[in-house]
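In what follows, a structure is listed as structure tokens, so that the remarks can point back to it.
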Amino acid sequence: MATDLVGLTLDELEIMAAGLGEPRYRGRQLARWIYRHRAEAVTAMTDLPEALRARLADVASLSRLRVLARADAPDGYTTKFLLGLHDGRTIETVLMRYDDGRRTVCISTQVGCGMGCTFCATGLAGLERNLSPGEIVDQVLLVSHETNERPTHVVFMGMGEPLANYDATLRAVRLLNASYGAGIGMRNVTISTVGLVPQMRRLSQERLQLTLAVSLHAPDDELRSELVPVNRRWPVADLLAAARDYAAVTGRRVTLEYVLMAGVNDRDEHARRLAMLAGGGSLHLNVIPWNPVYGLQYRRPSVPAVQRFAALVRAGGVAVTVRVERGVDIDAACGQLRRTHAGRVRA
Ligand code: SAH
Ligand code: SF4
């Protein structure tokens with residue numbers, strides 16, 4: 001089977017060039033075509049000798065994502081892409097623009113997700129498959145290419161659980177960070193996890209300066225096990241211990257994500273318990289009003305309810321931010337463009 005060039009590191013490309021009897025610097029040329037120019041075929045790499053292109057075409061390929069649909073929010077802040085993979089499956093990727101010039105790409109790591117969180121559109125359908133490193137990285141390259149804007153930040157908050165596809169995610173992180181890759185500063189990369197404790201501990205040993213976000217969503221095991229089934233395996237106390245250890249080992253503050261659902265996890269008593277759990281300085285809380293998902297019965301809390309909840313946790317001594325909404329009007333919430341699209345296809 002042909003090797004997919006998208007997803008290879010500079011080192012690997014240099015070794016590949018050497019293996020084909022070429023000087024090592026050909027590896028750097030290849031990297032430029034793969035990551036800078038987003039070449040679709042080896043034949044397009046015009047500064048490589050023709051004989052090398054012919055040999056490469058035999059042993060290597062470039063798997064690129066295809067734009068199946070694009071939705072631009074009327075306010076111009078959000079652009080969402082539905083992307084096709086080589087096997088006909090689809091994923092989604094979102095570009096979020098901020099007034100301070102930040103350009104954040106929200107990327108997927110799996111087709112679907114096997115974690116089954118009850119409030120999440122992606123969780124409804126189950127896991128179809130993992131994405132390859134190339135498919136993860138190409139989301140950022142494609143967005144840059146399609147919009148002519150340079151991404152400054154990447155968040156692993158699209159479809160799938162990044163730490164359940166650990167090796168591909170880590171390779172993608174390194175390629176996104178590399179100067180020959182997407183050149184995204186490591187501190188501008190955020191991995192969001194549902195709370196796979198062993199993988200969080202493993203990640204802390206990688207000594208990367210990336211940001212870890214942990215999806216908490218409830219301050220006690222009873223409620224969290226209902227919303228986030230993996231809590232039965234790694235309960236709240238273990239998860240918070242792992243989050244604190246991560247912060248201690250890496251020196252990076254960890255974000256706790258808390259999706260707020262009216263009448264479910266937004267009571268004053270939840271806020272107080274959360275403040276007790278999250279205190280101590282190494283954790284920071286991000287409150288996110290639930291985005292409606294077609295077919296799910298949860299309710300989005302009112303703006304004052306969100307503010308009240310945030311204020312109560314803050315009063316308990318925890319740093320709290322409320323996530324600025326982006327793209328609700330174009331279904332930019334986790335998993336939704338894909339569902340809307342699938343619905344249209346069936347209709
Ligand atoms: N699987 C990882 C990363 C992808 S989900 C995780 O769960 O952390 C990214 C974030 O979006 C998670 O915090 C998740 O709980 C949240 N999320 C999922 N569905 C949502 C919805 N309908 N509204 C708001 N946030 C949602
Ligand atoms: Fe998967 Fe994250 Fe959705 Fe849970 S919230 S089902 S882990 S994508």
Side-chain angles (χ1 to χ4, degrees), residues 91-94 96 104-131 136 139 154-166 168-169 172-173 189-197 199-200 203 210-218 223-234 239 242-243 246 254-262 264-266 284-301 306 321-340:
I91 53 165
E92 56 190 77
T93 301
V94 186
M96 294 167 286
T104 302
V105 188
C106 176
I107 62 175
S108 300
T109 53
Q110 299 181 309
V111 186
C113 182
M115 300 297 150
C117 303
T118 55
F119 52 88
C120 170
T122 308
L124 287 177
L127 175 66
E128 290 185 38
R129 71 164 169 88
N130 282 333
L131 296 185
I136 299 173
Q139 294 170 62
V154 171
V155 294
F156 286 74
M157 294 188 183
M159 298 169 60
E161 167 52 37
L163 298 188
N165 187 12
Y166 189 95
T169 294
V173 163
V189 173
T190 300
I191 291 186
S192 175
T193 179
V194 69
L196 306 184
V197 165
Q199 286 90 330
M200 287 166 63
L203 185 64
L210 54 77
T211 303
L212 181 66
V214 175
S215 293
L216 186 63
H217 309 324
L223 181 56
R224 189 163 189 273
S225 292
E226 230 174 77
L227 300 172
V228 182
V230 300
N231 188 70
R232 296 191 187 105
R233 189 85 188 272
W234 296 289
L239 179 59
Y246 186 94
V254 172
T255 302
L256 299 178
E257 293 163 284
Y258 197 98
V259 170
L260 211 55
M261 291 163 267
V264 174
N265 62 354
D266 68 340
H284 159 270
L285 187 74
N286 193 198
V287 175
I288 307 149
W290 183 71
N291 272 314
V293 175
Y294 180 77
L296 294 183
Q297 302 303 313
Y298 295 105
R299 283 177 299 118
R300 187 182 169 89
V306 174
T321 48
V322 176
R323 185 174 295 171
V324 182
E325 284 306 319
R326 286 279 181 258
V328 176
D329 50 348
I330 55 161
D331 281 347
C334 186
Q336 287 187 55
L337 178 72
R338 191 163 165 268
R339 277 170 66 78
T340 313

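Since the model is a prediction, treat every value here as computed from it, not as a measurement. Indexing begins at 1, ligand by ligand and atom by atom, following the structure's order.
A heavy-atom distance below 4.5 Å is found between the side chains of Leu260 and Asn265. Residues Leu212 and Thr255 form no side-chain contact, since every pair of their non-hydrogen atoms from C-beta on lies 4.5 Å or further apart.
Under 4.0 Å from ligand 2, the heavy atoms of Cys113 that appear belong solely to its side chain. At a heavy-atom cutoff of 4.0 Å, ligand 1 is contacted by both the backbone and the side chain of Glu161.
Defined by atom type and a distance below 3.5 Å, a donor-acceptor pair is missing between the side-chain atoms of Thr109 and Asn165. Side-chain contact annotation: Ser108 with Glu92, donor-acceptor N/O pair under 3.5 Å absent.
Atoms of ligand 1 found under 4.0 Å from any heavy atom of Thr193, numbered from 1 in the order shown, are 6 (C), 8 (O). Below 4.0 Å from some heavy atom of Trp290 lie the following atoms of ligand 1, by number and element: 21 (C), 22 (N), 23 (N). Of all the atoms in ligand 1, the ones that sit under 4.0 Å from a non-hydrogen atom of Val293 are 22 (N). Taking a cut-off of under 4.0 Å to the non-hydrogen atoms of Val194, the atoms of ligand 2 that pass are 7 (S). Those atoms of ligand 1 with a heavy atom of Cys120 less than 4.0 angstrom away are 18 (C), 19 (N). For ligand 2, the atoms lying closer than 4.0 Å to a non-hydrogen atom of Gly123 are 6 (S). Close approach of ligand 2 to Met115 is summarised as follows: ligand atoms under 4.0 Å from at least one heavy atom of the residue are 1 (Fe), 7 (S).
The closest non-hydrogen atom to atom 8 (O) of ligand 1, taken over Ser215, Pro289, Ala164, comes from Ser215. Checking Ser108, Ser192, Ala121 against atom 3 (C) of ligand 1, the nearest heavy atom belongs to Ser192. Of the candidates Ser215, Gly160, Gly195, the one placing a heavy atom closest to atom 8 (S) of ligand 2 is Gly160. Taking all heavy atoms of Leu196, Ile107, Val259 into account, the minimum distance to atom 16 (C) of ligand 1 is reached by Val259.
Of the N or O atoms in Gly160, one or more lie within a sub-3.5 Å distance of an N or O in ligand 1.
For Ala164, the side-chain contact (heavy atoms from CB on, under 4.5 Å) criterion is met by Gln110, Met115, Glu161, Leu196, not counting sequence neighbours. By the ring pair (Phe, Tyr, Trp, His ring centres under 6.0 Å) test, Tyr298 pairs with Trp290, sequence neighbours left out.
Atom CG of Leu256 sits about 7.5 Å away from atom CG of Leu239, to the nearest 0.5 Å.
Close to ligand 1: His217, with a non-hydrogen atom less than 4.0 angstrom away. Using a 4.0 angstrom heavy-atom cutoff, Phe156 counts as in contact with ligand 1. Heavy atoms of Gly158 approach ligand 1 to within less than 4.0 angstrom.
Under the 3.5 Å distance criterion, the side-chain polar atoms of Arg224 are left unmatched by any main-chain donor or acceptor of Ala218. Judged purely by atom type and a 3.5 angstrom limit, Arg323 has no side-chain atom pairing as donor or acceptor with the backbone of Asn286.
When each of Thr104, Val154, Val155 is checked for a side chain to side chain contact (heavy atoms under 4.5 Å, CB included) with Thr190, only Val155 meets the rule. Between Ile136 and the options Thr93, Ile107, Ile91, Val173, a side chain to side chain contact (heavy atoms under 4.5 Å, CB included) holds for only Ile107.
Among the atoms of Cys117, an N, O or S atom falls under 2.8 Å of atom 4 (Fe) of ligand 2.
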